[in-house]
Amino acid sequence: MCLAVPGRVLDIEERDGTRMATVDFGGVVKEVCLEYLPDLQVGEYAIVHVGFALQRLDEESARQTLELFAELGLLQEEFGDPWEMAAAEAVGSEPVEEVRNK
């Protein structure tokens, strides 16, 4: 499943003519393209899908959405280690990290 996930912009730089940002998704940090939101600034929140910031979002909405996604286990599904999850599915058990967190 691919989610559009809210994240907070930590820094912005231009890379090969493309505006890129480092974005924090509730503890998971990824690189994101800002070409669809050229005026997005450090500290602001955006909805991100497949590496592209698509829409600006207020902090409270972002926080609530991240909390809900975490409760539903969607952040682990979206950002978890795909090799670990595939191995767990192959043997019919839970990913190691999920077992550790219980």
Side-chain angles (χ1 to χ4, degrees):
M1 175 194 297
C2 268
L3 296 174
V5 181
R8 182 175 179 270
V9 176
L10 299 177
D11 64 47
I12 297 171
E13 66 180 60
E14 190 168 316
R15 217 174 297 142
D16 298 322
T18 302
R19 201 159 178 259
M20 299 292 293
T22 304
V23 177
D24 179 8
F25 299 96
V28 176
V29 177
K30 300 276 186 179
E31 293 298 308
V32 171
C33 178
L34 299 182
E35 289 300 300
Y36 295 131
L37 294 175
D39 60 338
L40 196 66
Q41 299 297 313
V42 170
E44 291 185 308
Y45 290 80
I47 297 289
V48 177
H49 181 64
V50 293
F52 290 86
L54 300 177
Q55 181 178 348
R56 183 177 276 103
L57 188 66
D58 65 275
E59 183 175 359
E60 181 61 21
S61 296
R63 187 189 59 74
Q64 289 176 352
T65 303
L66 285 170
E67 285 176 5
L68 178 61
F69 283 3
E71 285 175 30
L72 296 172
L74 296 175
L75 290 179
Q76 176 62 24
E77 185 176 320
E78 186 70 13
F79 295 122
D81 182 334
W83 295 108
E84 184 177 285
M85 290 188 295
E89 286 176 16
V91 296
S93 66
E94 298 177 58
V96 175
E97 188 166 317
E98 286 183 22
V99 172
R100 278 189 224 131
N101 292 333
K102 286 188 176 182

Heavy-atom pair with the smallest gap, counting every atom of L66 and F25: CD2-C, 4.3 Å

Pick out which of V32, I12, L10 makes a side chain to side chain contact (heavy atoms under 4.5 Å, CB included) with T22. L10

Hey, any chance L40 and V48 share a hydrophobic cluster, counting ILVMFWY side chains that come within less than 4.5 Å of each other, even indirectly? yes

Polar side-chain atom of Q64 near backbone of A62 as donor-acceptor pair, under 3.5 Å: no

Going from CG on D11 to CE on M20, what distance comes out if it is rounded to the nearest 0.5 angstrom? 11.0 Å

Sequence-distant partners of D16, salt bridge (charged side-chain N to carboxylate O under 4.0 Å, His left out), two or more places apart: none

Minimum-distance pair of heavy atoms, taken over all atoms of F69 and A4: CE2-O, 3.7 Å

For L37 and R56 the tightest heavy-atom approach is CD1-N, 3.8 Å

Shared ILVMFWY cluster between V5 and I47, side chains joined below 4.5 angstrom? no

Heavy-atom side-chain contact between S61 and Y45 under 4.5 Å: no

A quick test of your reading: do over 12 heavy atoms of other residues, nucleotides or ligands sit less than 6.0 Å from CD of E31? yes

Considering non-hydrogen atoms only, spot the tightest contact between R15 and E13 and give its length. NE-OE2, 3.0 Å

Under 4.5 Å between side-chain heavy atoms, hopping through other hydrophobics if needed: is there a path connecting V42 to V23? yes

By side-chain contact (heavy atoms from CB on, under 4.5 Å) - contacts of E35 (at least two apart): T18, R19, C33

